[in-house]
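Structure first, commentary second.
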Amino acid sequence: MAAHRDSAVGEQGSDGGRETGKPTEKAPVKKKSTAGAAAGATTSATAGERARSRSAAGAKSAAAAEPPAAESRIALVRRARRINRELAEVFPYAHPELDFENPFQLVVATVLSAQTTDLRVNQTTPALFAKYPTPEDLAAANPEEVEEILRPTGFFRAKTKSVIGLSKMLAEDFGGEVPGRLEDLVKLPGVGRKTAFVVLGNAFGRPGITVDTHFQRLVRRWKWTQETDPDKIEAAVGALFPKSEWTDLSHHVIWHGRRICHARKPACGACPIAPLCPAYGEGETDPEKARKLLKYEKGGYPGQRLNPPQAYLDAGGRPAPPLGAA
């Protein structure tokens with residue numbers, strides 16, 4: 001099965017996230033973007049309206065901002081935080097795109113998301129959790145039966161070994177409960193720092209940065225860091241933001257990478273933060289052509305969750321279809 005590598009975790013590309021596009025010539029930094037002017041045109045505008053205004057203004061820019069060759073530390077921090085604020089208005093409903101009802105379901109779903117889409121995982125886990133609702137149930141499962149359920153996610157034998165293994169450890173070492181500490185989570189089979197931070201941030205409310213391939217790609221495009229090692233990226237980006245913002249920051253960046261700032265053909269002409277992006281021009285700059293590149297709810301298509309949060313539905317998002325639906 002071909003892997004789409006669109007998951008929030010476990011999707012390290014063989015090229016380490018390097019891009020193939022060549023940036024075009026860029027203009028100097030502008031003190032105030034046209035996007036900001038458009039957004040401030042009316043104080044009564046909703047967050048969504050402001051986001052659309054910024055997107056339109058950014059698309060009309062002749063070129064986007066480029067940080068000076070020697071951008072100061074304070075300027076970098078200000079630019080990074082402004083990008084996050086802008087994305088928070090573009091994606092106010094950003095959330096983990098894996099369906100889950102408890103920490104056990106989230107850690108299993110996150111492990112399964114390696115080398116596949118969250119959509120495929122969400123279409124597969126209902127049958128898995130219906131048959132094995134607890135760690136004790138999955139720990140005692142017949143591996144061949146689990147493999148058959150997980151087959152659509154790819155690498156199903158290795159994933160079966162991981163989810164059964166982590167379930168056994170949860171049952172035997174943690175009383176059947178998912179631990180809420182990083183040092184305990186990374187001991188579980190198939191669980192690394194990225195998976196652990198997804199669980200900590202979204203099941204326990206403990207801040208963490210999820211450095212997946214989308215996150216790596218975008219923070220380098222934005223020149224927040226030039227590091228390529230995930231742990232060093234995590235440290236470099238974490239130093240730019242208050243710890244309390246780390247989980248939401250991860251959602252904002254990953255959502256932007258999935259919907260607008262794609263790896264091979266970013267939709268620069270439809271990007272709401274174009275005036276702040278030093279990589280503007282690597283992708284399609286024509287607004288009409290760029291809008292056709294938008295994915296998921298930004299392009300009018302269903303999202304990845306079968307059971308998304310109500311805020312996402314209220315914002316116009318559509319739930320994904322179940323496995324086997326026409």
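- In the hydrophobic clustering of ILVMFWY residues, with side-chain heavy atoms under 4.5 Å counting as a link, L98 and L323 come out apart.
- Distance check, rounded to the nearest 0.5 Å: NZ of K161 to CG of L150 gives 15.0 Å.
- With values rounded to the nearest 0.5 angstrom, F156 atom CZ is found 6.0 Å from E147 atom CD.
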inquiry  = Between E234 and R193, is the salt bridge (Lys or Arg N to Asp or Glu O under 4.0 Å) condition met? List the steps.
reply    = CA-CA 10 Å; E234 177 192 323; R193 288 179 68 87; 2.6 Å; yes
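- Rounding to the nearest 0.5 Å gives a distance of 9.5 Å between CD of Q123 and OG1 of T125.
- Within a 6.0 Å sphere centred on CD of E101, heavy atoms belonging to other residues, nucleotides or ligands number 12 at most.
- Side chain of S113 to backbone of T110: a donor-acceptor contact under 3.5 angstrom is found.
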task = Decide yes or no on side-chain contact (heavy atoms from CB on, under 4.5 Å) for K159 and T124, but give the supporting numbers first.
result = CA-CA 13 Å; K159 292 179 180 180; T124 304; over 6 Å; no
Considering only distance and modelled atom types, tabulate donor-acceptor pairs under 3.5 Å from the side chains of residues 309-317, sequence neighbours left out.
from	atom 1	to	atom 2	distance (Å)
Q310	NE2	D314	OD1	2.9
Y312	OH	E297	OE1	3.4
Y312	OH	G303	N	3.4

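- Residues meeting the side-chain contact (heavy atoms from CB on, under 4.5 Å) test with E172, sequence neighbours left out: K168.
- In terms of modelled atom types and a separation under 3.5 Å, the side chain of T285 and the main chain of G281 share no donor-acceptor contact.
- Checked against side-chain contact (heavy atoms from CB on, under 4.5 Å), A320 has the following partners two or more places apart in sequence or in another chain: L119, L306.
- Side chain of N122 to backbone of E97: a donor-acceptor contact under 3.5 angstrom is found.
- When every heavy atom of V146 is checked against every heavy atom of A141, the shortest pair comes out as CG2-CB, 3.6 Å.
- Taking the side-chain contact (heavy atoms from CB on, under 4.5 Å) definition, one finds that E284 meets it with D286, K289, A290, L293, sequence neighbours left out.
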task = Run the numbers on W255 and Y93 for ring-ring contact (aromatic ring centres under 6.0 Å, His included), then give the verdict.
result = CA-CA 10 Å; W255 275 56; Y93 44 79; 5.5 Å; yes
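- With respect to R221 and E282, a salt bridge is recorded, a charged nitrogen being found less than 4.0 Å from a carboxylate O.
- Once rounded to the nearest 0.5 Å, the distance linking NE2 of H256 with NE2 of H262 reads 9.0 Å.
- With sequence neighbours excluded, the residues that form a side-chain contact (heavy atoms from CB on, under 4.5 Å) with P143 are T160, I164.
- Contact record, T117 with Q304: CB-OE1, 3.7 Å, taken as the closest heavy-atom pair.
- Although no hydrogens or angles enter the test, the distance criterion places no donor-acceptor pair under 3.5 Å between the side chain of R291 and the main chain of A270.
- Two residues are said to be in side-chain contact when any heavy atoms from C-beta on lie closer than 4.5 Å; Y132 and E145 meet this criterion.
- For the pair R206 (side chain) and L182 (backbone), a donor-acceptor distance under 3.5 Å is absent.
- Scanning all heavy atoms of the two residues, the minimum distance from Q216 to P230 falls at NE2-CG, 4.1 Å.
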request  = Report the C-alpha separation of L76 and R79 in whole Å, then their side-chain angles, then the decisive distance to 0.1 Å, and conclude whether the side-chain contact (heavy atoms from CB on, under 4.5 Å) test is met.
outcome  = CA-CA 5 Å; L76 170 61; R79 183 169 61 86; 3.7 Å; yes
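- Closest approach of F174 and L188 over heavy atoms only: CE1-CD2, 4.2 Å.
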ask   = V108 and F129: side-chain contact (heavy atoms from CB on, under 4.5 Å), yes or no, with the steps?
value = CA-CA 10 Å; V108 170; F129 295 137; 3.9 Å; yes
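- For K295, there are no salt bridge (charged side-chain N to carboxylate O under 4.0 Å, His left out) partners at least two apart in sequence or on another chain.
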key: Worked check of salt bridge (Lys or Arg N to Asp or Glu O under 4.0 Å) between R85 and E89   = CA-CA 7 Å; R85 290 195 300 271; E89 292 195 6; over 6 Å; no
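- Cluster membership check: I273 shares its hydrophobic cluster with V77, using side-chain heavy-atom separations under 4.5 Å among Ile, Leu, Val, Met, Phe, Trp and Tyr.
- Contact detail for S167 and L138: the closest heavy-atom pair is OG-CD2, 3.3 Å.
- Taking 4.5 Å as the limit, every side-chain heavy atom of D248 sits out of range of all side-chain heavy atoms of P207.
- Every salt bridge (charged side-chain N to carboxylate O under 4.0 Å, His left out) that R305 has, sequence neighbours left out, goes to D99.
- A side-chain donor-acceptor contact under 3.5 Å links S250 to the backbone of T210.
- Counting heavy atoms from C-beta on, the side chains of L240 and R73 come closer than 4.5 Å.
- In this structure H251 satisfies the side chain to side chain donor-acceptor pair (under 3.5 Å) test together with N202, sequence neighbours excluded.
- Without hydrogens or angle criteria, W222 side chain to A80 main chain gives no donor-acceptor distance under 3.5 Å.
- Here R82 pairs with E86 in a salt bridge; the nearest charged N to carboxylate O distance falls below 4.0 Å.
- Under the side chain to side chain donor-acceptor pair (under 3.5 Å) criterion, E144 pairs with no residue at all, not counting sequence neighbours.
- Nearest heavy-atom pair, V219 versus I233, reported as atom, atom and distance to 0.1 Å: CG2-CG2, 3.9 Å.
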task = Kindly determine whether V237 and L249 satisfy side-chain contact (heavy atoms from CB on, under 4.5 Å), including the steps that lead there.
result = CA-CA 10 Å; V237 175; L249 168 71; 3.9 Å; yes
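- Scanning for side chain to side chain donor-acceptor pair (under 3.5 Å) contacts around H252 gives N84, with sequence neighbours left out.
- With rounding to the nearest 0.5 Å, the separation of CD1 in I83 from CG in L218 is 9.0 Å.
- Using a 4.5 Å heavy-atom cutoff, the side chains of D118 and P96 are not in contact.
- Not counting sequence neighbours, R81 has no partner by the salt bridge (charged side-chain N to carboxylate O under 4.0 Å, His left out) test.
- Remark: E183 pairs with R181 by the salt bridge (charged side-chain N to carboxylate O under 4.0 Å, His left out) rule, at least two apart or across chains.
- V178 is listed as a side-chain neighbour of F204, based on a closest heavy-atom distance under 4.5 Å.
- Within the model, atoms CD of Q105 and CG of L112 stand 11.5 Å from one another, a figure rounded to the nearest 0.5 Å.
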ask   = Taking it one step at a time, do R258 and D212 satisfy salt bridge (Lys or Arg N to Asp or Glu O under 4.0 Å)?
value = CA-CA 11 Å; R258 285 177 167 172; D212 74 339; 5.2 Å; no
